[in-house]
Amino acid sequence: MLFVITAIVYWALSASLSNFTDTANLSRDIWSYHSIGVNFAIHDEFHTAGCLGDIEDYKFSRGYNKRYFNKFNTYSGAVDIQRNLGYPLFLSSVYKLFGVHPMIAKQLQLLMLVIVAAGLPLFAFRFWGAQGFLTGLIAGPVFLFYNYEIANLIMSESLIVFVLFLILCAISLFEDKKRLSFSVLLGISFGVGLLVKGSLLFIPVFYFALLLWRKMKGMSPVSTQNLVAMVISACIVVLPWSVFISAKHATIKLQLTEVKSIILDNETSIIDKEKQLKGISTYLGKGFLPKRNFTNEELNAMRDSLFPLVKRNGFMLTDTMISDMDRMAMLEQFLNTPSYAMLRFLLPQKGFLDTHNELAINGDWRPEWRNDPNSFYYNDEMAEAPALLRIANFYVHNPGKILVMAFNKINRGFNNFKFLRVALIFLLLRGIWSMIKGRVSIKVEIAIMLICLPFVLAPFYEPLSQTLVLSAATLMILVIPLTIYFRKRLSMFQYPAIFNVVFFNFLVITVLAMGMTRWIQVMDFIFILVAIHFFRQYFNYIMQSLKEIKGENA
């Protein structure tokens with residue numbers, strides 16, 4: 001009953017703050033997600049992106065971004081194999097049931113965030129008892145205040161937050177009972193999470209490793225039957241979509257190979273080419289068909305320069321996508337992508353080169369190296385090698401960039417989360433207090449803790465928020481070894497191991513790919529919950545110590 005009342009209150013407050021529109025932006029990944037939903041609702045096309053009819057049907061907001069508008073028109077009707085099933089399925093279902101109304105999708109996304117916020121008290125009670133319930137009650141509205149705006153985008157973040165919360169709840173149930181049915185439920189939640197977003201990939205991997213480690217140490221052992229059930233149920237959820245997307249990818253490559261041969265046939269008129277392309281697929285190839293036949297000079301240029309370059313470096317010429325040559329380069333890029341034997345979890349292999357090169361020193365995505373003949377990958381003589389080997393070779397020749405790039409990626413991804421930095425500062429102070437505890441009087445200890453209070457709250461002071469000493473990467477470098485060393489001391493700063501599983505999942509994703517705040521934001525409710533718990537324990541410890549001093553003086 002309390003959950004329902006809390007959810008209604010949170011919904012009313014967040015809905016009053018939100019300013020949702022009944023349109024979608026034609027930008028970023030939104031053009032793909034939104035068009036997939038609209039195409040299913042209006043044209044009964046499953047998981048197909050791009051324009052299949054009148055653009056007015058898509059309810060895009062005014063002021064189209066030229067780059068994404070061209071993508072929207074070029075990828076007309078092709079199955080978007082880069083999008084996992086979860087969010088497109090949600091959006092397609094909403095538009096099919098209620099019509100093409102982005103406003104309804106946004107309200108449902110807000111409802112997901114409200115459910116998470118309202119569920120935090122019960123979730124925290126599982127780990128910290130009555131005090132945890134109060135912590136969750138405080139964390140709920142704080143989480144909504146900082147995150148409700150993500151529901152205003154036709155993007156997958158709200159659904160990822162919701163699914164991540166369900167995964168953590170499933171883990172909590174499993175660890176409480178360890179029944180076979182809860183193992184299956186947990187495995188299903190892992191599978192659903194992977195279908196929603198590949199950035200959750202390492203959560204089941206790390207959690208499974210944690211269970212095996214506990215089993216080896218004899219700590220709360222889990223039966224082999226539980227582990228097998230967990231893995232099988234996760235695979236059952238993921239396998240059908242993996243098979244579907246792999247088959248679609250193979251079909252698309254075969255069809256595009258034929259499209260390429262038709263386009264490059266200068267003996268056939270444009271009108272006849274259009275007829276042939278319609279025979280291949282109703283939509284596939286529409287966006288690649290040039291408005292004229294290529295000249296011999298252009299054909300020679302593609303054969304001698306453009307196509308080999310695309311194959312070597314994986315060019316994605318979609319920023320302008322104006323000229324026929326650019327469209328053919330994009331077509332060639334499609335034909336040279338690796339076959340998909342499983343879900344697209346992170347980036348295409350060649351995409352990793354864009355986040356591990358000499359220009360990506362700031363931790364961002366930097367594909368500009370492809371336009372520089374002097375760049376490392378242009379001259380590494382490993383064009384046919386797997387991307388991971390080329391990246392390893394890059395770091396062998398540039399060892400000084402490894403730690404710098406990792407540091408900058410972590411800062412780009414994690415530095416915007418004030419509550420994360422508050423929690424890290426508390427953990428850093430835990431190490432300091434562990435060293436002084438018992439060596440000084442309680443009065444001196446309290447004095448030190450009170451002096452440290454402004455430092456704890458420093459992330460909320462904007463002038464200090466970007467200083468090096470308070471940066472997320474710096475704090476992690478200091479905190480992680482201290483936390484491991486002092487993990488059994490000062491119990492007031494303990495937190496569930498599954499939070500570490502989620503945290504290290506996104507830490508690894510960030511270092512492997514790039515620093516992106518949007519990826520990390522989905523676990524902000526964990527940062528907020530832990531920071532508030534630490535602060536309450538910190539305050540309670542001071543008050544308890546003051547009572548002890550008062551009792552001694554009485």
Side-chain angles (χ1 to χ4, degrees), residues 82 197-203 205-206 209 308-316 333 336-416 420 424 468-469 471-481 483-484 500-520:
Q82 298 191 41
K197 194 68 173 180
S199 60
L200 305 179
L201 169 63
F202 293 109
I203 292 179
V205 174
F206 289 162
L309 209 57
V310 169
K311 184 176 182 180
R312 176 186 176 90
N313 295 314
F315 274 103
M316 178 68 87
Q333 196 271 347
N336 284 285
T337 53
S339 295
Y340 286 76
M342 57 188 297
L343 285 170
R344 179 185 181 272
F345 287 119
L346 285 172
L347 298 166
Q349 271 206 36
K350 289 185 181 295
F352 280 111
L353 301 179
D354 297 338
T355 60
H356 295 272
N357 61 71
E358 59 270 41
L359 299 178
I361 195 71
N362 66 344
D364 199 4
W365 178 62
R366 295 297 299 274
E368 298 93 327
W369 69 268
R370 301 176 187 276
N371 300 322
D372 182 5
N374 297 316
S375 65
F376 180 86
Y377 293 125
Y378 250 88
N379 302 284
D380 63 353
E381 299 181 354
M382 297 178 65
E384 302 300 323
L388 294 181
L389 287 181
R390 298 182 72 182
I391 291 170
N393 183 50
F394 169 76
Y395 285 122
V396 167
H397 288 83
N398 300 275
K401 289 184 169 61
I402 298 176
L403 295 179
V404 175
M405 289 175 69
F407 183 94
N408 289 332
K409 285 180 179 183
I410 292 170
N411 261 345
R412 286 185 66 89
F414 288 87
N415 214 39
N416 290 326
L420 167 64
L424 289 172
L468 180 63
V469 70
S471 73
T474 303
L475 287 171
M476 287 182 202
I477 291 170
L478 296 171
V479 163
I480 291 176
T483 300
I484 294 173
N500 275 338
V501 168
V502 177
F503 174 78
F504 281 108
N505 167 79
F506 287 103
L507 186 65
V508 170
I509 292 291
T510 298
V511 173
L512 286 180
M514 58 182 165
M516 184 173 289
T517 298
R518 183 163 58 89
W519 291 350
I520 316 301

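Annotation: the span from M476 atom CE to I410 atom CD1 amounts to 6.0 Å, rounded to 0.5 Å. The structure places CZ of R366 at 15.0 Å from CG of L353, a figure rounded to the nearest 0.5 Å. Between N411 atom CG and T510 atom OG1 the span is 11.0 Å, to the nearest 0.5 Å. Interatomic distance, CG of L507 versus CG of N500, reported as 10.5 Å (0.5 Å rounding). Put simply, CD1 on I520 and CG on L420 are 9.5 Å apart, with the number rounded to the nearest 0.5 Å. Remark: H356 NE2 to N393 CG distance equals 14.0 Å, nearest 0.5 Å.
Here the closest heavy-atom approach between residue N379 and residue S375 is recorded as ND2-O, 2.8 Å. Scanning all heavy atoms of the two residues, the minimum distance from T355 to M405 falls at O-CE, 3.6 Å. Closest approach of F506 to W519, counting heavy atoms only: CE2-O, 3.4 Å.
Side chain of N505 to main chain of I203: a donor-acceptor pair is present (N/O by atom type, distance under 3.5 Å, no hydrogens or angles). Between the side chain of D364 and the backbone N or O of G515, no donor-acceptor pair lies under 3.5 Å. N415 places no side-chain N or O within donor-acceptor distance of the main-chain N or O of S471, the cut-off being under 3.5 Å. In terms of modelled atom types and a separation under 3.5 Å, the side chain of K409 and the main chain of A513 share a donor-acceptor contact. Judged by distance alone, with hydrogens and angles left aside, the side-chain atoms of N357 form a donor-acceptor pair with the main-chain N or O of D354 at under 3.5 Å.
Within a 6.0 Å sphere centred on CG of L403, heavy atoms belonging to other residues, nucleotides or ligands number 12 at most.
For F394 and F376, the gap between ring centers is short of 6.0 Å.
Two residues are said to be in side-chain contact when any heavy atoms from C-beta on lie closer than 4.5 Å; E358 and K401 meet this criterion. A heavy-atom distance below 4.5 Å is found between the side chains of F202 and L512. When side chains are defined from C-beta on, V502 does not count as touching F206, because their heavy atoms never get closer than 4.5 Å.
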